[in-house]
Amino acid sequence: MLHFVIVALMLLPHTCGQNPAIQVLLTNKGLQYGKHVGAEWIQDMLDHVTLPDIQGTFSTLFGPVSYTLSGITITKCDFPEPNVEYSQEYSGFKTSITDLSVALSGNWATKFGILHESGSFDMAIFGVDVTSVVKLEGKADGHLSVSSIICDGEVQDVDIRLYGGFSWIFQPFVHYMKGHIIEEIRKNICPAVQTSIEELESHLQAMNVSFDVNQVLSLELPLSGSPVVSPSNLTLGLKGEFYSIQTHAEPPFKSKPFMMPNIPGYMLSAGVSEFTLNSAAYGYFSAGKLQILITEKMVPKFSPIHLNTSSMGPYIPQLPKLFPGLPMTLQVYATEAPTFSLQSDIVNLTVRAAVKASAVESNGSSIPLFGVNVVVMLSGKMWIADGKVKGSVMLNNFTLTLASTQVGPFKTDSLENMCKKGIELFGVPQVNKKLAEGVMLPRMKRIQPVNSILTVEKVSIYQSSSFCKFLFFFSNHTLFLENRDLLPFLQMLKCWTCCEASSVVTSSKHKGLKSKSSLCFDF
């Protein structure tokens with residue numbers, strides 16, 4: 001049962017000292033769903049369980065009799081749905097199972113002096129009660145840790161039927177065995193629970209704190225503090241920061257606090273702050289990936305403007321006179337990391353770049369012509385349709401200023417207008433075409449998001465903070481998030497930054513949160 005409560009957390013290591021950029025909130029509804037799925041899984045798993053042998057000795061008027069019950073397997077289990085609740089006192093979960101009944105079968109063997117007999121048996125165990133409290137905490141090595149702090153198991157009664165051999169002789173003596181068998185079963189309950197928790201703990205400690213999402217970026221997902229448990233939900237705060245694999249440079253900004261509200265009706269909410277988006281943009285920037293050399297070959301044939309000095313004459317009159325008929329290149333590069341800003345239902349993206357124009361002589365040498373600074377401001381909306389995150393962007397503003405010139409001064413108004421129209425007519429439609437195709441919602445093993453929604457909201461908590469929220473219902477089985485589930489969002493993020501488009505957000509059916517530096521998912 002514990003595995004299904006905690007399995008959604010298994011990618012979450014732990015580190016302290018900063019505000020979480022990603023928050024995950026598992027509601028009581030999600031917890032109860034996990035309980036239901038877990039009960040079904042345990043019921044199926046019990047069909048393949050072999051229990052340890054039971055050995056003992058009982059006394060008779062004729063002397064001691066030793067017995068062994070071996071090859072014990074479960075043939076039927078009346079497994080009641082467990083009661084699972086958050087334990088604020090112990091910062092974890094409390095699970096209890098009441099009145100569990102199990103049917104077993106196996107082999108029996110007895111030794112009475114020089115007599116040895118064996119056969120098969122059926123056993124029914126009645127009234128098994130188990131209570132377990134598991135604590136969640138963060139370890140210094142950066143991982144989520146689980147530990148058993150309370151366990152209690154009781155067995156009310158057993159009934160045993162022997163078959164084969166001289167079973168008809170030993171059957172009347174079964175009542176001498178019952179007390180010992182009940183005690184053997186009872187004292188093995190909590191060690192079995194402890195073993196299960198230790199296996200989960202070992203798995204958690206073996207998980208990576210960070211992983212590479214592509215050849216440029218790595219993502220760190222440690223917990224930023226201990227899990228916060230309340231009677232109605234569990235909240236986890238994650239570092240959620242991207243780094244350039246090449247430089248691993250810290251961005252010149254910090255994550256800001258934001259609060260995840262408990263949205264009624266949803267099982268799992270995930271909030272991703274604008275800090276996470278901006279750290280990805282900074283990672284690409286610090287790795288030197290936000291630059292491109294534009295040549296004539298890259299200009300569409302249908303474009304009325306081409307990359308040569310003659311075509312640029314209407315915008316820079318002296319250019320074709322000084323360098324007639326020469327092809328040109330444009331070296332475009334970001335002067336600082338693109339910046340995402342999340343507002344209510346809107347994702348804003350600001351890109352600041354520089355462009356250096358050169359003419360190319362017949363011998364291949366370059367002649368510097370001029371340099372301009374550009375600021376592109378876009379806004380976008382995102383939604384979920386057909387199981388995909390989709391969106392659209394629009395150009396809010398475009399400014400172009402002259403930074404340097406080797407051809408003499410010229411006015412930039414007409415050049416600015418031409419670039420702005422080019423972005424509106426060709427650039428934005430291309431980006432929107434891609435965004436309309438969408439990316440699939442995160443895929444999870446054996447689970448189907450239902451009624452997913454995405455909202456971008458702004459809330460004033462401590463400081464101005466924004467985030468994107470994803471809301472989902474689940475059907476099917478376990479909550480297990482895989483690393484690759486994030487890749488579609490990262491690919492779209494890369495598309496935004498490189499295409500000078502706006503940012504993306506996804507969710508399931510319900511309202512999300514708002515805050516000036518955050519982005520959220522709800523399930």
Side-chain angles (χ1 to χ4, degrees), residues 1-4 35 38-84 95-132 148 151-199:
M1 176 82 305
L2 173 68
H3 291 73
F4 290 89
K35 172 195 73 175
E40 293 179 352
W41 180 84
I42 291 175
Q43 183 82 59
D44 294 339
M45 182 187 68
L46 291 175
D47 294 338
H48 309 287
V49 170
T50 299
L51 302 177
D53 295 351
I54 298 176
Q55 296 178 333
T57 302
F58 60 90
S59 298
T60 69
L61 294 174
F62 309 101
V65 178
S66 300
Y67 66 89
T68 300
L69 304 181
S70 61
I72 306 173
T73 58
I74 298 173
T75 57
K76 186 178 180 181
C77 179
D78 180 12
F79 189 81
E81 192 164 277
N83 178 53
V84 182
T95 303
S96 58
I97 300 173
T98 304
D99 202 25
L100 168 67
S101 298
V102 183
L104 308 172
S105 65
N107 302 311
W108 64 269
T110 60
K111 181 180 179 182
F112 177 59
I114 62 172
L115 299 178
H116 297 263
E117 282 299 325
S118 62
S120 61
F121 74 88
D122 290 331
M123 182 190 300
I125 306 174
F126 302 105
V128 179
D129 299 336
V130 183
T131 299
S132 172
S148 175
C151 181
D152 181 58
E154 296 294 336
V155 179
Q156 298 300 320
D157 196 13
V158 299
D159 182 57
I160 305 172
R161 301 292 176 181
L162 304 181
Y163 306 100
F166 287 102
S167 59
W168 57 275
I169 294 178
F170 291 102
Q171 184 66 49
F173 296 97
V174 163
H175 68 277
Y176 291 108
M177 302 162 54
K178 286 177 59 174
H180 177 254
I181 292 173
I182 289 174
E183 179 60 21
E184 284 294 306
I185 295 173
R186 188 199 65 77
K187 74 180 186 180
N188 278 287
I189 291 174
C190 286
V193 172
Q194 179 65 29
T195 298
S196 177
I197 293 172
E198 288 175 353
E199 290 175 354

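Remember, predicted model here, so these are calculated numbers, not experimental data.
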Any side-chain heavy-atom pair of Val130 and Leu100 under 4.5 Å: no
Gap separating the CD1 atom of Ile182 from the NZ atom of Lys187, nearest 0.5 angstrom: 13.5 Å
Shortest non-hydrogen contact between Cys77 and Val102, atoms and distance: SG-CG2, 4.1 Å
Side chain Thr75, main chain Ala103, donor-acceptor under 3.5 Å: yes
Heavy-atom closest pair, residues Gly127 and Ser101: N-OG, 4.1 Å
NZ/NE/NH1/NH2 to OD/OE distance under 4.0 Å, Arg161 and Asp159: yes
Atom pair CG/CZ of Asp78 and Phe126 - distance to nearest 0.5 Å: 10.5 Å
Which atom of Glu184 lies closest to which atom of Ile54, heavy atoms considered: CG-CG2, 4.1 Å
Flag, side chain of Trp108 to backbone of Leu69, donor-acceptor distance under 3.5 Å: no
Any donor-acceptor pair under 3.5 Å from Asp129 side chain to Asp99 backbone: yes
From Lys111, Gln55, Glu117, His180, residue fulfilling side-chain hydrogen bond (donor to acceptor under 3.5 Å, both in side chains) relative to Tyr67: His180
Minimum-distance pair of heavy atoms, taken over all atoms of Gln194 and Ser148: OE1-CB, 3.3 Å
Atom pair CZ/CZ of Phe112 and Phe166 - distance to nearest 0.5 Å: 13.0 Å
Gap separating the CD1 atom of Ile181 from the CG atom of Asp157, nearest 0.5 angstrom: 11.0 Å
Step-by-step side-chain contact (heavy atoms from CB on, under 4.5 Å) determination, Phe170 to Val65: CA-CA 10 Å; Phe170 291 102; Val65 178; 4.0 Å; yes
Side chain to side chain, Asn83 and Thr98, heavy atoms closer than 4.5 Å: no
Contact summary for Met123 and Ile185, nearest pair of heavy atoms: SD-CD1, 4.4 Å
CD1-CZ distance between Ile72 and Phe121, expressed to the nearest 0.5 angstrom: 4.5 Å
Gap between atom CD of Glu81 and atom CD1 of Ile97 - 0.5 Å precision: 10.5 Å
Taking every non-hydrogen atom, the tightest pair across Ser132 and Ile197: OG-CD1, 4.5 Å
Heavy-atom side-chain proximity of Val155 to Ile189 below 4.5 angstrom: yes
Side-chain donor or acceptor of Ser196 paired with backbone N/O of Val193 under 3.5 Å: no
